[in-house]
Structure formats: structure tokens, C-alpha cells
Amino acid sequence: MLLSASAAIIFLIILLTIWDPHGLNSAVITVLGGGLMTLLATLSQHPWAVPLADLGKLITLAIGAWGLFTLFLIIGTPSLIVRKRERLTFGLIAGIWLWLILGGAWLYAVSHGAFDNTIWPWLSFIPAFSLYLGVLFGASIIGYLRAICFRARHADTLVILGAGLRNGNQIGRVLGARLDTALTFASRQNHPVTLIVSGGQGADETTSEAAAMADYLECHGYPANLIIQETAATNTRTNLLNSQKLWWQLPNQGGRVVLITNGYHLFRTRLLAQHLRLHVGGYPAPTRLGYLPIGWAREFLALIMVHPRLHRSVLIGMVATNLLWMLM
């Protein structure tokens, strides 16, 4: 039974990866499928199921540890995670700390036999919603891996998404990696490639990100007549919407359009493009290992905010279910 179930789950994961490699639902089902395989292997009596169960547990622990580290990074150093025009309120940070404390106490009560006839059964929605967020976090990792593996090879138009400028007008490492990746990608094509540089001007910037990006590309020898500036975008969504208006004005509506951004950002960018019904490819720019935890924490927080009503509805549903269960 375990062998048949595992084969069915693996087949489903492969099918979803091929059918919808950049979708959130596909990534969520992949995570749930992996969890189910781990559970079946743990319950199995077959000797060969032991290493499969151990591998599943190891991956689960690694994802959980990474998730907790990301959470502590968000609430411990919010100034590094959120942009200057955004902020995490004191109430939100205090609420997350309270959630963590209560969740830890709930686990302690369960593991030490002090659960029944206490307040903790009434708070079972806390670990349930934490598990829900954990599945989303695991799905974001799956999405990240798929985004860097399923990358475009050919393009007629490249859209380079902007990032904050350093000292108001200078290209930083993150943005420089995107621009260098675009130059390398364009050089591998056997025809001229139009580059759309997208990014507006922030309150602490003396020029638009698009203008600074265009200067960088020209200084590295790229023809100015093949560079189009989009100078109004303030976030990833407007990057895509505004750039779409520009590539539609090109021959063949831009042809094969490929988005260039850092790997940790590419998954959410592709999700937004899919939501906007944009048929585009993606190509990841490299990220410094030291910056990856910060970039990843910022990106997961932004991914959660893509569907805030959904997450609130899930939480309310879990609280209601918890209360009804206790009152029955």
C-alpha cells in the first residue's frame, strides 16, 4: 500500500510541476504530498520505509527551522525587512510574539501531559494556523526552486525589475546583479533584444530607478535605442502593469517577454504575472548568500500580503471550528 500511495503522490507532484510549475496551488499540493508520504512512511512497517521517513522528517525540520529564523528576522529586525515607506506596527509585532509564546506553551502542555481540562484545548487554532503558514512557507520554497530551475532560454524583450538605489542614485548589488544578468542573457541571443528597465523614484532617491538602470546599461555598452524606461512603478505589480503597456507597443507586442529579477523574488513575480494574465517567462539573477535571508524574509512577508483576506478567513474559520468543537 505504501509503495502504491507513494508512487501515486510522486506522479501527482511531477504532473503538477509540469502542468503549473509557477503556481502557488501546485506548490502547496507538492508540500502536502511530501508530508503525506512522510506520514505514510512513518506508519509503515517496511524496513525500506525508515530512510524515507527520516528524510521527510529532516526536510520538515529544515523548513521549520528556516521558517522560524525568517519569522524572528521579521519581528526582530523589521527595519531591514520592510521598506522605508512601509512599517510593521508595534501592535503587530507584539501580537506575533504573543502568538509564538502561546504556541510554544501549547506544545509544552501537549508533550508533558498537561493538556486536558485546561485552557489549551480552546487555543488549538494557534498551532493549526501556524501549520497553515508553515505549508505556505514550504510552498514558497518549492516555488523558489521551480523558478530558478524552469527558466527561460530565449527572449525578444527583457523586463528588468527595479530595486532601491544606494545613496539616492547608485546601483546597489541586488539591482546590479539583475542588470548584469540581463546583459549576459541578451548577449546569448542571436538577434537584438529590447530591454525595459522598470522602477520609479523613491522619496529618498534623486533619480528614478529606471534612469539609473539605463545609465548602467549604456555604460556597459548596451545600445541606448534598445533601452526603454518605465519610470512610474512603485512595486512589483505596477512594474508589470506599466511595462506591459510598453512592450505591447513593440513589434509583435514584444514577442517573447522575459522578466529579470532575483531568484527569491521571481516566484511572487511570476504569480502576479499569472494573476494579471501576462504570458511571460522568467530568469533569475543571482543573490549574495549574506543577503538571501533578508531578501527571503521580505519576499515571504509580501507573498502573505498578496491574499490577506484569504488568510484572515482561514484564521476565522479555524477559531470558529475550534470553539464549536469545544462546545459540542
Side-chain angles (χ1 to χ4, degrees), residues 5-42 52-53 55-71 74 96 99 103 124-151 236-237 259 261 263-278 280 282 284 295-322:
S6 299
I9 294 171
I10 292 173
F11 176 76
L12 176 62
I13 291 173
I14 293 174
L15 185 64
L16 287 171
T17 302
I18 296 173
W19 174 61
D20 188 20
H22 307 293
L24 180 59
N25 291 337
S26 170
V28 167
I29 293 175
T30 299
V31 172
L32 294 176
L36 181 58
M37 283 182 59
T38 301
L39 178 61
L40 291 175
T42 302
L52 179 61
L55 177 61
K57 293 175 183 177
L58 181 62
I59 294 175
T60 302
L61 287 174
I63 293 175
W66 189 1
L68 284 175
F69 175 75
T70 299
L71 180 59
I74 291 173
I96 295 175
W99 185 278
S124 295
F125 67 89
I126 292 179
F129 190 71
S130 299
L131 180 61
Y132 168 79
L133 293 178
V135 170
L136 288 180
F137 187 81
S140 69
I141 295 176
I142 296 296
Y144 164 74
L145 294 175
R146 288 176 176 175
I148 62 176
C149 291
F150 292 86
R151 55 180 68 183
T236 304
R237 183 182 180 86
L259 308 174
T261 186
Y264 64 83
H265 182 222
L266 189 56
F267 175 53
R268 183 170 64 90
T269 302
R270 295 295 301 271
L271 283 178
L272 285 172
Q274 189 178 58
H275 178 72
L276 296 171
R277 301 176 184 265
L278 302 179
V280 295
W296 183 267
R298 177 182 296 166
E299 199 56 29
F300 181 67
L301 189 61
L303 182 65
I304 291 295
M305 296 310 297
V306 171
H307 300 294
R309 292 182 179 178
L310 170 63
H311 306 317
R312 283 197 295 268
S313 299
V314 170
L315 176 58
I316 292 172
M318 288 183 174
V319 172
T321 302
N322 193 172

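When reading the values below, keep in mind they use all heavy atoms of this one structure, side chains included, and skip hydrogens, waters and symmetry mates. In this text, all values refer to a predicted model and were calculated from it rather than measured experimentally.
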Visitor: Provide the closest heavy-atom pair for Lys57 versus Thr42 in the form atom of the first, atom of the second, distance.
Guide: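 Closest approach of Lys57 to Thr42: CE-OG1, 3.5 Å.
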Visitor: Run the numbers on Leu71 and Phe137 for side-chain contact (heavy atoms from CB on, under 4.5 Å), then give the verdict.
Guide: CA-CA 11 Å; Leu71 180 59; Phe137 187 81; over 6 Å; no
Visitor: Just verifying a value: how many Å separate Phe129 CZ and Asn322 CG, rounded to the nearest 0.5 Å?
Guide: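 Reported to 0.5 Å precision, the distance equals 13.5 Å.
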Visitor: Do Leu136 and His311 have side chains that get closer than 4.5 Å, going by heavy atoms?
Guide: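 SC-SC contact between Leu136 and His311 confirmed.
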Visitor: Could you report the tightest heavy-atom contact between Ala273 and Val280, atom names first, then the distance?
Guide: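 It is CB-CG2, 3.8 Å.
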Visitor: Which distance, rounded to the nearest 0.5 Å, do you find between the CZ of Arg270 and the CG of Leu272?
Guide: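 Atom-to-atom, Arg270:CZ and Leu272:CG are 11.5 Å apart.
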Visitor: What distance do Leu145 atom CG and Phe267 atom CZ have between them, rounded to the nearest 0.5 Å?
Guide: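 It is 10.5 Å, given to the nearest 0.5 Å.
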Visitor: For residues Ala139 and Ala27, report the shortest heavy-atom separation together with the two atoms involved.
Guide: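 Shortest heavy-atom separation between Ala139 and Ala27 comes out as O-CB, 3.4 Å.
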Visitor: I'd like to know if the side chain of Arg268 reaches the main chain of Phe300, judged simply by a donor and an acceptor atom lying under 3.5 Å from each other, with no hydrogens or angles considered.
Guide: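 No, the answer is negative, given that no donor and acceptor are paired below the 3.5 Å cut-off.
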Visitor: Using every non-hydrogen atom in the two residues, find where Ala53 and Thr38 come nearest and quote the distance to one decimal.
Guide: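 That closest heavy-atom pairing would be O-CG2, 3.9 Å.
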Visitor: Give me the atom names and distance for the closest heavy-atom approach of Trp99 to Ile126.
Guide: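 For Trp99 versus Ile126, the nearest heavy atoms are CZ2-O, 3.3 Å.
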Visitor: With Val319 as reference, evaluate Ile316, Thr321, Leu315 under the side chain to side chain contact (heavy atoms under 4.5 Å, CB included) test and give the passing residue.
Guide: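 Testing Val319 for a side chain to side chain contact (heavy atoms under 4.5 Å, CB included) against Ile316, Thr321, Leu315 leaves exactly one candidate, Leu315.
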Visitor: Please report the C-alpha distance between Leu266 and Arg151 in whole Å, then the side-chain angles of each, then the deciding distance to 0.1 Å, and finally whether the side-chain contact (heavy atoms from CB on, under 4.5 Å) criterion is met.
Guide: CA-CA 10 Å; Leu266 189 56; Arg151 55 180 68 183; over 6 Å; no
Visitor: Do you know the tightest heavy-atom contact between Leu303 and Ser140?
Guide: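 Residues Leu303 and Ser140, closest heavy atoms: CD2-CB, 3.7 Å.
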Visitor: When rounded to the nearest 0.5 angstrom, what is the spacing between CD in Glu299 and OG1 in Thr70?
Guide: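 Taking CD in Glu299 and OG1 in Thr70, the distance rounds to 12.0 Å.
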Visitor: Does a side-chain heavy-atom distance below 4.5 Å link Leu24 with Gln274?
Guide: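 A side-chain contact under 4.5 Å is absent here.
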Visitor: Is there side-chain contact between Leu271 and Val306, with heavy atoms separated by less than 4.5 Å?
Guide: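 Answer no - side chains too far apart.
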Visitor: Looking at His307, I want to see if its NE2 is surrounded by more than 12 non-hydrogen atoms of other residues, nucleotides or ligands under 6.0 Å.
Guide: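 Counting other residues, nucleotides and ligands, NE2 of His307 stays at 12 neighbours or fewer.
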Visitor: Determine whether Leu40 and Leu52 satisfy the following criterion, side-chain contact (heavy atoms from CB on, under 4.5 Å), listing intermediate values before the conclusion.
Guide: CA-CA 10 Å; Leu40 291 175; Leu52 179 61; over 6 Å; no
Visitor: Out of curiosity, Ile142 CD1 to Ile63 CD1, how far, rounded to the nearest 0.5 Å?
Guide: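 Going from the CD1 atom of Ile142 to the CD1 atom of Ile63 covers 6.5 Å.
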Visitor: Looking at Phe69, Tyr144, Tyr264, which hits ring-ring contact (aromatic ring centres under 6.0 Å, His included) with Trp296?
Guide: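 Result: among Phe69, Tyr144, Tyr264, Tyr144 is the only option passing the ring-ring contact (aromatic ring centres under 6.0 Å, His included) with Trp296.
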